[in-house]
Amino acid sequence: MQFRAVKGTNDILPDEVRRWQRVEQTFRSAMALAGFSEVRTPILEHKNLFVRSTGETSEIVEKQMFELTRGDDVLVLRPEGTPGAARAYLTNSVQAQEPVSRWYYIGAMFRAEQPQRGRYRQFHQAGCELYGDPSPTCDAEFLDLLHGFLKSLGIIDVTVAVNSIGGLESRAAYRQALTDHLRPRAETLSDHAKRRLEDNPLRILDSKDPRDRAAVADAPSILDSLNDEDRAHWAAVLRGLDALGTPYTVSPGLVRGLDYYTRTVFEIQSSMGGLGSQNTLIAGGRYDNLLKSLGGPPIPAVGCGMGLERILLALGETPVARPAVCFIAPLGERATLSGLLLARELRERGVVSVLDARGNSMKSMLRRADGLDARVCIVIGETEVDQCQVQIKDLAAHTQEQAARVDAAARVLEIFATPPALGSNH
RNA sequence: GUGGGUGUAGCUCAGUGGUAGAGCACUGGAUUGUGGCUCCGGUUGUCGCGGGUUCGAUCCCCGUCACUCACCCCA
């Protein structure tokens with residue numbers, strides 16, 4: 001075969017799409033119940049949007065963006081959803097139309113990484129964004145919403161890790177404290193961490209290198225550097241989670257890879273589905289400075305993104321049943337034309353119907369009906385056409401009846417309305 | 001960017017220095033027009049690609065590409 005899918009991209013075939021749709025529908029309804037509305041923004045954005053939001057020193061911006069140039073424009077395929085949504089919010093002055101906006105999105109994201117299980121170059125995220133509400137209450141609500149969403153999918157083995165990285169002031173103070181702590185130990189750090197010491201020392205906290213872990217083990221906690229406002233916000237978030245009974249783990253080392261976070265940050269991880277170290281299903285936090293830094297008004301925001309591939313992996317192989325179908329097996333051209341009409345009649349009445357016009361043997365057609373898990377099969381041969389009749393076969397019950405052609409659709413409707421006989425299909 | 005593993009039929013895989021097999025799937029028949037079980041038959045392969053060793057390579061060697069897993073990073 002000459003062509004294959006581009007490295008790190010995947011074809012999602014119909015049986016698999018059914019599993020995706022189940023997750024997406026669950027997400028949509030969870031979001032809708034909490035007053036979130038879907039937003040759709042372009043996949044293509046200006047590169048600078050991500051440089052200024054996701055962060056110049058973030059791995060994503062440094063080396064993972066698919067870049068395209070067109071004339072003087074430098075565009076990229078979006079590597080994550082938050083900046084585009086924020087940009088759309090500002091571009092359309094949504095803050096002038098309503099004080100608080102609750103948005104969600106589902107879509108493809110792109111990062112030029114080395115693919116592996118749970119990590120792809122084209123992957124899909126669902127995410128939600130809440131603009132205009134600075135209160136810690138909505139941080140807690142958010143976390144609970146996400147936890148509940150996973151629970152409703154059956155993903156119960158999760159860890160909700162939360163932390164606060166403070167606002168700009170607290171973070172600057174902590175950055176100083178951490179740098180003071182690490183400087184004397186700089187020689188023992190990994191090469192990567194040595195660089196980070198200058199441009200983004202907080203990121204050293206979640207390094208997995210044993211040398212870095214050792215250096216960081218007795219480092220001061222960021223939670224001790226929070227100023228009064230940040231501390232009060234953090235305490236209120238935890239009170240909210242406690243009130244909701246949402247399980248959580250405070251993780252002072254959790255700092256997240258993106259620059260725009262302030263105060264609350266979180267990750268929801270699951271060990272289900274053999275995800276290995278790509279086990280973060282949902283990640284997010286508060287970004288009260290993002291809109292301002294993109295040139296907009298100082299509107300606070302909270303948001304998150306979740307990797308749909310990872311959620312599907314955590315879910316494991318759970319096939320989703322195909323819809324019940326009425327299969328039509330005609331023999332000969334006259335019967336095929338009659339079947340064609342019948343298929344349309346059935347569809348007009350809301351019954352999924354599939355006509356087999358291949359001209360194969362009855363055995364072959366019935367095997368195909370089986371393969372489709374058809375509820376009933378209508379057999380039409382020369383005799384039936386002559387007599388204006390059809391054979392209606394209940395595939396689960398192993399029964400067959402003759403019906404007048406004019407009554408066929410109504411009769412099929414009746415059969416579809418009754419549950420199939422249990423345990424009789426063998 | 002770094003390391004490991006794997007590339008044989010549509011799928012899952014076996015296999016041997018003398019140019020290839022099974023199961024599944026598909027299909028015809030047993031049942032002159034009736035499925036899931038059974039039985040019989042049939043279709044499908046540049047054995048990833050290039051080079052080397054050899055009388056001869058799918059098998060051994062080198063290279064390369066792809067896929068995959070892991071590190072890194074992240075959803």
Side-chain angles (χ1 to χ4, degrees), chain A residues 1-10 13 54 57-64 78-82 106-127 146 190-193 196 200 203 206-209 212 254-258 266-270 274-284 303-314 327 329-332 335 356 358-374 376-385 391-400 424-426:
Chain A
M1 185 34 140
Q2 197 174 3
F3 294 107
R4 70 185 82 229
V6 169
K7 186 191 193 72
T9 68
N10 295 104
L13 269 22
T54 308
T57 62
S58 68
E59 197 95 5
I60 293 175
V61 169
E62 272 183 353
K63 44 192 178 191
Q64 296 181 351
R78 62 183 181 193
E80 56 147 341
T82 293
I106 300 177
M109 309 291 161
F110 302 83
R111 293 183 198 172
E113 300 185 89
Q114 207 52 245
Q116 70 182 75
R117 186 177 181 81
R119 193 178 72 183
Y120 309 99
R121 289 189 166 184
Q122 175 176 335
F123 62 107
H124 300 80
Q125 282 192 341
L146 298 169
S190 66
D191 292 344
H192 190 70
R196 287 299 185 207
N200 204 341
R203 296 289 307 287
D206 55 17
S207 167
K208 284 174 206 143
D209 191 297
D212 301 337
L254 177 64
V255 292
R256 309 287 306 117
L258 315 180
F266 60 83
E267 276 184 14
I268 302 182
Q269 296 155 343
S270 171
L275 276 163
S277 61
Q278 320 297 321
N279 64 345
T280 300
L281 263 28
I282 306 180
C304 73
M306 63 188 78
L308 295 182
E309 282 84 355
R310 289 186 187 176
I311 286 174
L312 268 307
L313 283 168
F327 193 82
L331 287 162
D356 193 332
R358 295 176 301 165
N360 282 11
S361 68
M362 182 53 54
K363 175 189 236 172
S364 170
M365 289 193 284
L366 279 166
R367 271 207 291 248
R368 185 173 160 213
D370 257 335
L372 292 172
D373 291 325
V376 311
C377 178
I378 295 185
V379 173
I380 314 174
E382 293 292 326
T383 324
E384 283 76 15
V385 175
Q391 302 291 336
I392 300 179
K393 209 173 165 57
D394 185 324
L395 290 168
H398 298 265
T399 56
Q400 180 166 321
S424 62
N425 48 333
H426 270 294

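What's counted below: heavy atoms across the whole structure, side chains too, no hydrogens, waters or symmetry copies. Chain letters run A, B, ... following the sequence lines, proteins first, then strands; residues in each count from 1.
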Got a list of protein N/O to nucleotides 67-70 of chain B N/O distances below 3.5 Å?
from: B/C67; atom 1: OP2; to: A/Lys7; atom 2: NZ; distance (Å): 3.2
from: B/C69; atom 1: OP2; to: A/Arg117; atom 2: N; distance (Å): 3.1
from: B/A70; atom 1: OP2; to: A/Gln116; atom 2: NE2; distance (Å): 3.2

Practice prompt. Determine the interatomic distance between P on B/A20 and the same-named atom on B/G45; round to the nearest Å.
Written response: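 It works out to 13 Å between them.
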Worksheet item: Say you pick atom P in B/C39 and the same atom in B/C24; how far apart are they, in whole Å?
Response: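 It comes out at 9 Å once rounded to the nearest Å.
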Partner residues of [X] under the side chain to side chain contact (heavy atoms under 4.5 Å, CB included) criterion, sequence neighbours left out:
X	result
A/Ala335	A/Pro330, A/Ile380, A/Val385
A/Val376	A/Cys326, A/Val412, A/Ile415, A/Phe416
A/Ala108	A/Phe110, A/Gln122, A/His124
A/Leu254	A/Ala161, A/Asn163, A/Ser251, A/Arg256, A/Val265, A/Glu267

What is the distance from [atom1] of [X] to [atom2] of [N], rounded to the nearest Å?
X	N	atom1	atom2	value
A/Ile60	B/C72	CD1	P	16 Å
A/Glu62	B/C72	CD	P	17 Å
A/Arg78	B/A75	CZ	P	15 Å

Which nucleotide in [options] has an atom nearest any side-chain atom of [X]:
X	options	answer
A/Lys363	B/G33, B/C74, B/G35	B/G35
A/Glu59	B/U27, B/C73, B/U34	B/C73
A/Lys208	B/G33, B/C72, B/G35	B/C72
A/Val379	B/C74, B/G29, B/G33	B/G33

Which residues pass the side chain to side chain donor-acceptor pair (under 3.5 Å) test with [X], not counting sequence neighbours?
X	value
A/Ser270	none
A/Lys63	A/Glu59
A/Asn360	A/Ser364
A/Arg78	none

Worksheet, complete the sentence: B/S/- along nucleotides 4-13 of chain B (protein heavy atoms under 4.0 Å) is ----------
Discussion item. Once salt bridge (charged side-chain N to carboxylate O under 4.0 Å, His left out) is applied, what residue pairs with a partner in residues 109-124 of chain A remain, sequence neighbours excluded?
Written reply: A/Glu113-A/Arg119
Worksheet entry | Ranges pairing with ranges for RNA chain B, where each run has three or more Watson-Crick or G-U pairs under 3.5 Å |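 So the stems come out as B:1-7 with B:65-71, B:10-13 with B:21-24, B:26-30 with B:38-42, B:48-52 with B:60-64.
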Worksheet item: Just checking, is any N or O donor in the side chain of A/Glu62 or A/Thr57 under 3.5 Å from an acceptor N or O on the other one?
Response: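 No.
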Discussion item. Under 4.0 Å from OP1 or OP2 of B/C74: is there any side-chain N or O of A/Arg121 that close?
Written reply: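 So the side-chain polar atoms of A/Arg121 never come under 4.0 Å of the phosphate oxygens OP1 or OP2 of B/C74.
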Discussion item. Does B/A75 have its OP1 or OP2 closer than 4.0 Å to a side-chain nitrogen or oxygen of A/Thr280?
Written reply: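 So the side chain of A/Thr280 is outside the cut-off, no N or O lying under 4.0 Å from OP1 or OP2 of B/A75.
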